[in-house]
Structure formats: structure tokens, C-alpha cells
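Please read the structure below before turning to the comments.
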Amino acid sequence: MLEIVVCVSGGGTNLQALIDAVEDGRVANVRIKGVISNNRNARALERAGRHGISSCCISPKDYESRELFNEAFLRQMISWNPDLIVLAGFLVAIPEQMVREFADRIINIHPSLIPSFCGVGYYGLKVHEAVLKRGVKVTGATVHFVDEGMDTGRIISQKAVSVEEGDTPEILQRRVMEQAEWILLPEAVHGIADGRIAYGGKRRQAE
Ligand code: GRF
């Protein structure tokens, strides 16, 4: 059984896609052990609660320094001791210590075809605004491992989505979610759980 912790910041539709896929068996041998949000008002927390999943809020705003936040975040993660961390719309940079501690065991979903429209400043609607401004005809989503850089880790999977005439950032965001993100993320977790996708391996069990 692959135990995962999902980190979220907002709506939590990717979290919901994962929950649904675990509940209906499309994602097998996976347990969502906990959800961490940096935002107390995230709808994602309600979604976790409705499905009986433990959750907590750890926000940089509640700590005097980024170091203290990073420590609290890492402490919570280590106490849950997941095999895999899934970033599903998580808007906080992952502390380097966590990347080291969970090397090749953190994945992220990004709403563009990396290496286009990614890196610093490309998050949420800003990605889709930039896509429309540049006038590309195809965009999509990417699931990748997280390393020390921003959206630079090993790519696991990608799915293309058409940009249509008259798209607004909101319409395009929705299409990318429906046609790519909500499919790719559960598939990637399933692939890691069943061994098709190599990852950093299970955490050592406490002695
Ligand atoms: C998604 O577009 C995801 O790719 C991006 O942030 C958005 C989060 O949406 N990283 P939700 O919270 O899963 O609804």
C-alpha cells in the first residue's frame, strides 16, 4: 500500500480527482494519509473532511520566519511518514530539506507542457494568461518529480490540450483541468503504486 500526503492551497479539484479515483478503484493500493494546506480557507480542506481524511493547515503567515515554517512543515510531513508527497495546486515552495529528505518521492502537477510556461511566476491563472498572450495553439499539463529547482524535475507524464478561439484564461484553465490534470495526476499515482513508474522507494519503517 502506497501511503500519500497531498499538499494543497485552494479549490482542491485535483485532490478530489485523486480521492474519487482511490475510492472507485481506478487508483489501486493507495491510501491518502493526510492533506496539508497552507491556506485555512482552502475548499480542499472541506473535501478532505467530507471523505474522512486527516488534514491540517500550516501557513507561513503563522510563523515568525520562513525557517520556522519550514521546520513545522517538515515535522508534520515526517510524522505522517508518507511514501509519496503529491503537490496538487500547492503554492508554497518546498523547503530544500524536504526535497532532500523525500528525494524522488515528491510529485507535482503543473498546468502547461513543461518546459513552456513554467518556472518562477507561472502559477494558477497566470499560466493560462501567458499561453493566450503568446498565441500557442496547444497547451496541456505535466506531472513531474520535484527537485530543488522550480518545475525542473524529471517529467513523468504530459497531456496536450487545444487552445480554442475565444478562450479566456478561466475557460482554458477549466479545459486543461478536465482534459488533462484530473486524468494525469491519478494515473501517475497509480503508476507509482503499481511499480510502472520508478520513484524514490518506500520510506524506512520506524524501528
Ligand atoms: C491546478 O491548475 C494545478 O495544476 C495548479 O494549480 C491548480 C490547482 O487547482 N498547480 P485545484 O486546487 O486542484 O483545484
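Values reported hereafter were calculated over all heavy atoms of this structure, with side chains retained and with hydrogens, waters and symmetry mates removed. Counting from 1, the numbers follow the sequence of the chain as shown. Just so you know, ligand 1 is whichever comes first in the structure, and atom 1 is the first atom listed for that ligand.
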Nearest-neighbour protein heavy atom for atom 12 (O) of ligand 1, which is reported as residue plus atom name and distance: G12 N, 2.8 Å
Using distance alone, decide if ligand 1 has a nitrogen or oxygen within less than 3.5 Å of any nitrogen or oxygen in H110. no
State the atoms of ligand 1, each with its element, that fall below the 4.0 Å cut-off from a heavy-atom position in G11. 12 (O), 14 (O)
Of the protein's non-hydrogen atoms, which lies at the shortest distance from atom 9 (O) of ligand 1, and what is that distance? M177 CE, 3.3 Å
Between F145 and I106, is the side chain to side chain contact (heavy atoms under 4.5 Å, CB included) condition met? List the steps. CA-CA 6 Å; F145 283 102; I106 309 177; over 6 Å; no
Looking only at protein heavy atoms, identify the closest one to atom 10 (N) of ligand 1 and say how far it is in Å. I109 O, 3.3 Å
Taking only heavy atoms of G89, which atoms of ligand 1 are found under 4.0 Å from at least one of them? 5 (C), 6 (O), 8 (C), 10 (N)
Please report the C-alpha distance between Q179 and S162 in whole Å, then the side-chain angles of each, then the deciding distance to 0.1 Å, and finally whether the side chain to side chain contact (heavy atoms under 4.5 Å, CB included) criterion is met. CA-CA 10 Å; Q179 295 185 7; S162 300; 6.0 Å; no
E64 atom CD, over 12 foreign heavy atoms within 6.0 Å: no
Can you confirm, on distance only, whether ligand 1 has an N/O atom lying under 3.5 Å from any N/O atom belonging to T13? yes
Checking the side chain of H190 only, and the main-chain atoms of A28 only, is there a donor and an acceptor separated by less than 3.5 Å? yes
Examine Y123 and L172 and state if one hydrophobic cluster contains both, with Ile, Leu, Val, Met, Phe, Trp and Tyr joined whenever side-chain heavy atoms are less than 4.5 Å apart. no
In terms of atom number and element, which parts of ligand 1 are under 4.0 angstrom from non-hydrogen atoms of E181? 1 (C), 2 (O), 3 (C), 4 (O)
If only atom types and distance count, is the side chain of S37 paired as donor or acceptor with the main-chain N or O of L45 below 3.5 Å? no
